[in-house]
Undergrad: 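Pasting a structure here, questions to come.
Every chain is numbered from 1, with letters handed out A, B, ... down the list of sequences. When reading the values below, keep in mind they use all heavy atoms of this one structure, side chains included, and skip hydrogens, waters and symmetry mates.
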There are 2 protein chains.
Amino acid sequence: MLHILVHMATSRDEAMTSEQLAGFVHTNAVVIRRAFAGLREAGIVASARGHGGGWQLAKAPETISLAEICTALGESLLPFGTEPEAPGCLVEQAVIGALDEFRRDAEKLLAEKLSRVSLADIAATVGPNMHLTGAHSHAS
Amino acid sequence: MLHILVHMATSRDEAMTSEQLAGFVHTNAVVIRRAFAGLREAGIVASARGHGGGWQLAKAPETISLAEICTALGESLLPFGTEPEAPGCLVEQAVIGALDEFRRDAEKLLAEKLSRVSLADIAATVGPNMHLTGAHSHAS
DNA sequence: CGATTCGTAACTATCAAAGTTACATGAAAC
DNA sequence: GTTTCATGTAACTTTGATAGTTACGAATCG
């Protein structure tokens, strides 16, 4: 996903079709549209229908942070959930309490770190000057 | 998983069977054995076969940290991977570079936080005195 | 109008995790 | 020593989430 967004950041002038974006990560156009729906609602990208339409960043890459992207995608920063399996068990309640506290702290920390990195930051580490060499490696 | 380990911490004297442990989280005994294999290799729990056998913590709950448990289970602290999908693409390499850096920092941070919490810490927040009331809620 | 492209629903395919069954191995009780 | 209980593990089935596919409607431009 980031891969695609950075590609869009490196060629902001022209809109790209779902088909093209899908090609970057060897997936399907519909998958791209589904995933980008959240980003559009969050005001990160914009889409245009019809001839000459496609996707573009909705604002400057400098103002798009990774934290923003994660939130828009509705993804958790931590790989575990804390839904009770045996409601009423005091042991489980204690575990969930400890885990939720950890989760709160950890998510704040990670979000803070991610909010410091923008699409432009990553784009700046591409190459240098890859946009001049055309070395995208996305043959067709 | 933590739920089970804390139960074991609150009744260290007696070994518990896979069947009993599975009951705590409404799952299957074989699933428990599979999951606990890693913990046993890490020296966190010990198992005994035969009559009167079962599972026990291999050391004091005060000395078992959540970080240790995560490592033993082979679980990542972050919910994303960074395998290349379009090898050779400079954009992707830049993205992976940025993500790997973030991952390294984040995992260190999280592991550090988790290493400060022990099974005993969580067990101490159960109740108070739940072992006197019998309020496990694990009916049978 | 016709070509293009998004939006979305409905269905199928894929894959990893959990659950199940079966049986061998080891340990205690009688 | 035989029975009983429990782990260890392989093999298979089930389940659920995600990706992929197909189809078609809506919007936009030439």
Side-chain angles (χ1 to χ4, degrees), chain A residues 1-5 7-8 11 13-58 70 72-76 78-86 140, chain B residues 1-5 7-8 11 13-58 70 72-76 78-86 140:
Chain A
M1 172 58 87
L2 267 183
H3 182 173
I4 297 171
L5 287 171
H7 267 290
M8 291 170 73
S11 55
D13 39 330
E14 43 189 331
M16 306 188 83
T17 69
S18 307
E19 212 80 44
Q20 289 175 296
L21 298 178
F24 287 144
V25 292
H26 302 114
T27 184
N28 187 283
V30 176
V31 176
I32 297 292
R33 292 189 197 122
R34 284 204 279 245
F36 271 55
L39 295 181
R40 182 183 48 221
E41 279 155 30
I44 295 172
V45 299
S47 63
R49 289 175 160 186
H51 196 120
W55 299 87
Q56 271 182 304
L57 296 184
C70 274
L73 293 176
E75 284 181 4
S76 170
L78 271 351
F80 57 85
T82 50
E83 286 124 32
E85 288 156 334
S140 64
Chain B
M1 173 56 88
L2 265 184
H3 181 175
I4 297 172
L5 288 171
H7 268 290
M8 291 170 74
S11 56
D13 39 329
E14 42 189 330
M16 306 187 82
T17 70
S18 306
E19 212 79 45
Q20 289 176 296
L21 298 179
F24 288 143
V25 293
H26 302 114
T27 184
N28 188 282
V30 176
V31 176
I32 297 292
R33 293 190 196 120
R34 285 205 279 244
F36 271 55
L39 296 181
R40 182 182 49 222
E41 279 156 30
I44 294 172
V45 299
S47 62
R49 291 176 157 186
H51 194 118
W55 298 88
Q56 273 182 303
L57 296 184
C70 274
L73 293 176
E75 285 181 4
S76 169
L78 272 351
F80 57 86
T82 49
E83 286 125 33
E85 290 156 332
S140 68

Undergrad: Starting at atom CD1 of I32(B), determine the distance to atom P of dT20(C), rounded to an integer number of angstrom.
TA: 13 Å
Undergrad: Grab the CD-C1' distance between Q56(A) and dC6(C) for me, whole Å please.
TA: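 In whole Å, dC6(C) C1' lies 14 Å from Q56(A) CD.
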Undergrad: What's the spacing between C70(A) SG and L2(A) CG if we round to 0.5 Å?
TA: 7.5 Å
Undergrad: Is T27(B) close enough to dG19(C) that one of its side-chain N or O atoms is under 4.0 Å from OP1 or OP2 there?
TA: yes
Undergrad: Between G52(A) and R49(B), which residue's closest nucleotide on DNA chain C lies nearer the 5′ terminus?
TA: G52(A)
Undergrad: When the distance from CG of L21(A) to P of dG7(C) is rounded to whole Å, what number comes out?
TA: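 Nearest whole value for this atom pair: 12 Å.
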Undergrad: Just checking, is any N or O donor in the side chain of W55(B) or S18(B) under 3.5 Å from an acceptor N or O on the other one?
TA: yes
Undergrad: Are any of the side-chain heavy atoms of F24(A) and M16(A) separated by less than 4.5 Å?
TA: yes
Undergrad: With a non-hydrogen cut-off below 4.0 angstrom, is A29(B) in contact with a base, only sugar-phosphate, or nothing?
TA: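 It contacts nothing in the nucleic acid.
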Undergrad: Provide, to the nearest angstrom, the distance between the CD atom belonging to E19(B) and the C1' atom belonging to dC5(D).
TA: 11 Å
Undergrad: Can you tell me if Q20(A) uses its side chain to pair, donor with acceptor, with the backbone of T17(A) under 3.5 Å?
TA: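 Yes; judged by distance alone, with no hydrogens or angles, the pair exists.
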Undergrad: Look at the side-chain N and O atoms of T17(B) and state whether any lies under 4.0 Å from the OP1 or OP2 oxygen of dA6(D).
TA: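 No.
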Undergrad: Would you mind telling me which residue lines up with the more 5' stretch of DNA chain D, G53(B) or V31(A), judged by nearest nucleotide?
TA: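 In this pair, the answer is G53(B).
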Undergrad: Nearest whole angstrom, please: distance from the C1' of dC6(C) to the CG of N28(A).
TA: 14 Å
Undergrad: Kindly point out which of dT28(D), dA19(D), dT7(D) is positioned nearest to the side chain of S18(B)?
TA: dT7(D)
Undergrad: At under 4.0 Å between heavy atoms, what does A37(A) touch on the DNA or RNA strands: base, sugar-phosphate, or nothing?
TA: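 Nothing: the residue A37(A), judged by heavy atoms under 4.0 Å, touches no strand.
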Undergrad: Using atom CZ of R33(B) as one end and atom C1' of dC5(D) as the other, report the distance to the nearest whole Å.
TA: 11 Å
Undergrad: Starting at OG1 of T27(A), measure out to CD of E85(B) and round the result to the nearest 0.5 Å.
TA: 8.5 Å
Undergrad: State whether the distance check finds a donor on one side and an acceptor on the other, under 3.5 Å, for side chain R40(B) versus base dG8(D).
TA: no
Undergrad: Give the nucleotide from the list dA11(D), dC29(D), dT7(D) with an atom nearest to the side chain of H51(A).
TA: dC29(D)
Undergrad: Rounded to the nearest Å, what distance is computed from the CZ atom of residue R34(B) to the C1' atom of nucleotide dA10(D)?
TA: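 After rounding, the reported distance stands at 10 Å.
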Undergrad: OP1 or OP2 of dG8(D) sitting under 4.0 Å from any side-chain N/O of S47(B)?
TA: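 Answer yes for this pair, as a side-chain N or O of S47(B) is under 4.0 Å from OP1 or OP2.
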